[in-house]
Amino acid sequence: MGEAPPVIETFPDGAAWAEACAARLTDALAAALADKGKAVFAGSGGSTPAPIYRRLAQADLDWARIAVTLIDERYVPETSPESNAALLKRTLLTGPAAAARFVPLFHPAVTVDRAAALAAHALAAEGGKLDAVLLGMGEDGHICSMFPDGPTLKTLLSPALRPTVLGVPHGRDGAAPSLERLTINLPYLMTSRRVVLALTGVAKRAVFEREAAGDPAVRPIAALIAAKVPLDVLWTEKA
Ligand SMILES: O=C1O[C@H](COP(=O)(O)O)[C@@H](O)[C@H](O)[C@H]1O
């Protein structure tokens, strides 16, 4: 029998939801700072996290001892509107959190795989462990840049690999993703202190419930659950 899916915590409105997400992440970062004197935060891109980042940016943490990175990135420079790094810099690395050190996944390397190797090396130098992770989920059920049925998905979901960053090719014949990407793999989530999955809308809730019941070999949400990632799922209907 598979693992039971985590309870979906429901919030009455976007403000309460964003506040709760930011509070969970703050608690995990504070615990890491207390334990080891430093911490690593990894955030998602996309349309969901901005209100959470704006709250987290104001948290009373020793940001100078926190490294901030991404769970995934489109293989584009920060000048692109598709850049997750640009989103993070606009919304999280402001106010008190501007003192944090940003560790990018994007590098203008010759290939996306070479850029991924450089990012993997940079994260390993930060200790190779993520203390607080903010995940989003697309309406196709993807998390990070792990797309259901994607050609490299089995590698990304392999629990036996070490935590790393990998390149993701763009999909063929119109399949997602439309751009090459960089992503952390499942073992990075498995070894994280706390992972918060922030969901909004009726459609995404239904996708989460459907995906949670899927095959963990090819459905990223089911793989998260099967791998016992320390996961909180926070949902509100409208952010
Ligand atoms: O492409 C991406 O999409 C997911 C979900 O984005 P959203 O717009 O539906 O919130 C995001 O979590 C990921 O980091 C991003 O690269």
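In listed order, ligands and their atoms are each counted from 1.
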Item to check | Per-atom contacts of ligand 1 with S47, taking only distances under 4.0 Å to non-hydrogen atoms | outcome: 7 (P), 8 (O), 10 (O)
Next on the checklist: Does this structure show an ion pair linking E3 with K228, if we count only N-O contacts that are shorter than 4.0 Å?
Outcome noted: yes
Checklist outcome for this item: Looking only at non-hydrogen atoms, the one of E82, K204, M137, H142 nearest atom 2 (C) of ligand 1 is H142
Next on the checklist: When you compare the side chain of P163 with that of K129, does any pair of heavy atoms fall below 4.5 Å?
Outcome noted: no
Next on the checklist: I need the atoms of ligand 1 closer than 4.0 Å to a non-hydrogen atom of D72, numbered in the order shown.
Outcome noted: 13 (C), 14 (O), 15 (C), 16 (O)
Checklist entry - Given the rule in the side-chain hydrogen bond (donor to acceptor under 3.5 Å, both in side chains) test, do T183 and D72 qualify, once you have shown the distances and angles that lead to the verdict? => result CA-CA 4 Å; T183 187; D72 75 326; 5.3 Å; no
Item to check | Subset of ligand 1 atoms that lie under 4.0 Å from at least one heavy atom of S44 | outcome: 12 (O), 14 (O)
Item to check | Residues K38 and E126 bridged, charged N to O under 4.0 Å | outcome: no
Next on the checklist: Polar contacts were defined as any N/O atom of the residue lying under 3.5 Å from an N/O atom of the ligand; does this apply to N84 and ligand 1?
Outcome noted: yes
Item to check | atom 6 (O) of ligand 1 [closest protein heavy-atom partner, distance rounded to 0.1 Å] | outcome: G46 CA, 3.7 Å
Checklist entry - Which ligand 1 atoms does G136 reach within 4.0 Å, using its non-hydrogen atoms? => result 12 (O)
Checklist outcome for this item: shortest atom 11 (C) of ligand 1-to-protein heavy-atom contact is with G45 O, 3.5 Å
Next on the checklist: If I take atom CG from residue L197 and atom CD from residue E9, how far apart are they, to the nearest 0.5 angstrom?
Outcome noted: 11.0 Å
Next on the checklist: Using 30° and 60° as the class boundaries, would you call the ring planes of Y53 and F41 parallel, tilted or perpendicular?
Outcome noted: perpendicular
Checklist outcome for this item: If you scan protein heavy atoms around atom 10 (O) of ligand 1, the nearest is T48 OG1, 2.5 Å
Checklist entry - Should R194 and V133 count as side-chain neighbours, where that means a heavy-atom distance under 4.5 Å? => result no
